[in-house]
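Encoded as C-alpha cells, the structure appears first; notes follow it.
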2 protein chains.
Amino acid sequence: MQDHEHKFAEYLAQKGLKLTAPRKYILLEAFKLHEHFNAEELYEKVKRVTPEVSLATVYRTLPLLMEAGLVQSALRSSGRDRYEHIYGHPKHIHWLCRSCGAIMETDLQPINETIAAQAKTIRFEAQDIELNIKGLCWKCTANDNENQPDES
Amino acid sequence: MQDHEHKFAEYLAQKGLKLTAPRKYILLEAFKLHEHFNAEELYEKVKRVTPEVSLATVYRTLPLLMEAGLVQSALRSSGRDRYEHIYGHPKHIHWLCRSCGAIMETDLQPINETIAAQAKTIRFEAQDIELNIKGLCWKCTANDNENQPDES
DNA sequence: GGAATATTGCAACTGATTCTCAATACAGGG
DNA sequence: CCCTGTATTGAGAATCAGTTGCAATATTCC
C-alpha cells in the first residue's frame, strides 16, 4: 500500500468512516493526476477504472481527502473549484496569466520563513498556505506592448 | 469627489463606458465596507441607499471595479466570491481560522521583494497578489488542546 | 434637446455543487 | 464466514451563486 493510501485509511479509521472501493479509486486517480484538476476531471478519470462511480461521490470524497491532508484546493478557475494532491509535494506559488490562462508554479520555500515569523507573532497555527498571483505571463506582456503603444 | 470616485470615472471614460447612478452607489458602498464582502452583502448595503438597484447590476459592476484596480477578490468563503476594496490600502496576508472562521490580516510587505524577484525570473507581470493561510487562530488552538475530550 | 449607445431591472437561465432516499457495502462480533 | 448496525452509494432532484436576454431607461456628446 502506498503512503498516501495508508494515510487516508488511517484518517478514515480515526474518524469512524469506512474505506470503500469508490474512495480508494478516487484517491488513486487523484494521485495519478500530476496537474491541477477539478471534480469533473477527476470523475472522468475514475470512471475509466470503475464506470459505476458517481460524480456525487467524487464531490463527497474530495473534502475527506482535504481533511486528511492529501489534497488541497488550488486556484479556482472558470467557476470551478480546483484541487491538487500535495502529500509529499512541496508547496508552490501559482502564477495565473489573466490573458492566456496559463498557470505557472514556483517554489514557495523562500517566503516560508517570513510567514512562519508572522504566524508566531499572531500565534496562528498555519496548516495550508495558498499564494496566488494573477497578472500577465511574458508571452502576453509582449503581445500587450505591441497593441498598446502608450501606457501613461 | 473622492480619489477612488475619480479613478473609477477615469477608468470608465477610458473604456467608453458610462458613469451611472447605480455604479456610483455601488462604488461608494464598497468603500464604506471595511471588511471583506460578497456580492449579496454589497447589494444589501446599496439597497439601503437606492432600493431600486438590482443584484444583477452589483454583479455586473464588481468586475469593473476590479479592472479599475479599486477592488480585489479575496478569500472565497462558503461558496461565495468575496471582495475587498484596495485603492490606497496596502495589500495584506489573510489568515483564516478553520475553526471559528475569524479572518486576520498581516502585512504583505515583507515578502514582496521575494515575489518580485521570482516574477523577474519567470518574466511575469504581477498585478494581484493573494496570500491566504488557513489554520487555527490562537484561541482555537488553545481550545483544541484543552477541551477535546469528546470529538469522535 | 436629441440621437446614438451603454445600462438597467427583471426574470429566466446556467452550471457547479449538494442533498434526498432507498438500496448496498463495510467493519466487527459471533 | 455470516449477521447486524451503520456508513455509503448512485441517481436524479434541488439549490444556489452568478449570468444573460430583452425591452425600457439613462448617459454622453453634439
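The sequence lines fix the lettering, A, B, ..., with proteins before strands; numbering per chain opens at 1.
Residue contacts for A/N38: at a heavy-atom cut-off of 4.0 Å it reaches no nucleic acid atom on any strand shown. B/E52 comes within 4.0 angstrom of the backbone, heavy atoms only, and of no base.
One can place CZ of B/F37 at 12 Å from P of D/dG18, the figure rounded to the nearest angstrom. Atoms CG (A/L62) and C1' (C/dT18) sit 13 Å apart, rounded to a whole Å. D/dA17 atom P lies 13 Å from atom CZ of B/R82, rounded to whole Å. With rounding to whole Å, A/L42 atom CG is found 15 Å from C/dT17 atom C1'. Distance CD (A/E41) to P (C/dG15): 16 Å, rounded to an integer number of Å. Taking atom CG of A/D81 as the reference point, atom C1' of D/dG18 lies 14 Å away to the nearest angstrom. A/R80 has its CZ atom 16 Å from the P atom of D/dG18, to the nearest Å. What separates OH of B/Y25 from C1' of C/dT7 is a distance of 16 Å, to the nearest Å.
The side-chain contact (heavy atoms from CB on, under 4.5 Å) test with A/H94 singles out one residue from A/L75, A/T106, A/L131, and that residue is A/L75. Checked options B/L17, B/V53, B/V58; the residue passing with B/R23 is B/L17 (criterion: side-chain contact (heavy atoms from CB on, under 4.5 Å)).
The environment of B/Y25 atom OH is sparse: at most 12 non-hydrogen atoms of other residues, nucleotides or ligands sit within 6.0 angstrom.
Ion pair A/E10/A/K7 not flagged as a salt bridge, since none of the NZ, NE, NH1 or NH2 atoms sits closer than 4.0 Å to an Asp/Glu carboxylate oxygen. A salt bridge links B/K134 with A/E130: at least one charged nitrogen is closer than 4.0 Å to a carboxylate oxygen.
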- Note on the structure: With sugar-phosphate taken as primed atoms, P, OP1 and OP2 and all else as base, the protein-contact string of nucleotides 22-30 of chain D at under 4.0 Å (heavy atoms; B, S, -) is -----BS--
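With hydrogens and angles ignored, the 3.5 Å screen pairs no side-chain donor or acceptor of A/R48 with any backbone N or O of A/P51.
Residue whose closest nucleotide on DNA chain C sits further toward the 5' end, between B/L55 and A/L55: B/L55.
The B/A56 side chain lies nearest to D/dT20 when the options are C/dA16, D/dT20, D/dA17.
For the pair A/R23 and D/dT9, the criterion of a side-chain N or O lying under 4.0 Å from OP1 or OP2 is met. For D/dG18, one of the phosphate oxygens OP1 or OP2 lies less than 4.0 angstrom from a side-chain nitrogen or oxygen of B/Y59.
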Result block: side-chain N/O donor-acceptor pairs under 3.5 angstrom for residues 38-46 of chain A, not counting sequence neighbours:
residue, atom, partner, partner atom, Å
A/N38, OD1, A/E40, N, 3.2
A/N38, OD1, A/E41, N, 2.8
A/E41, OE1, A/N38, N, 3.0

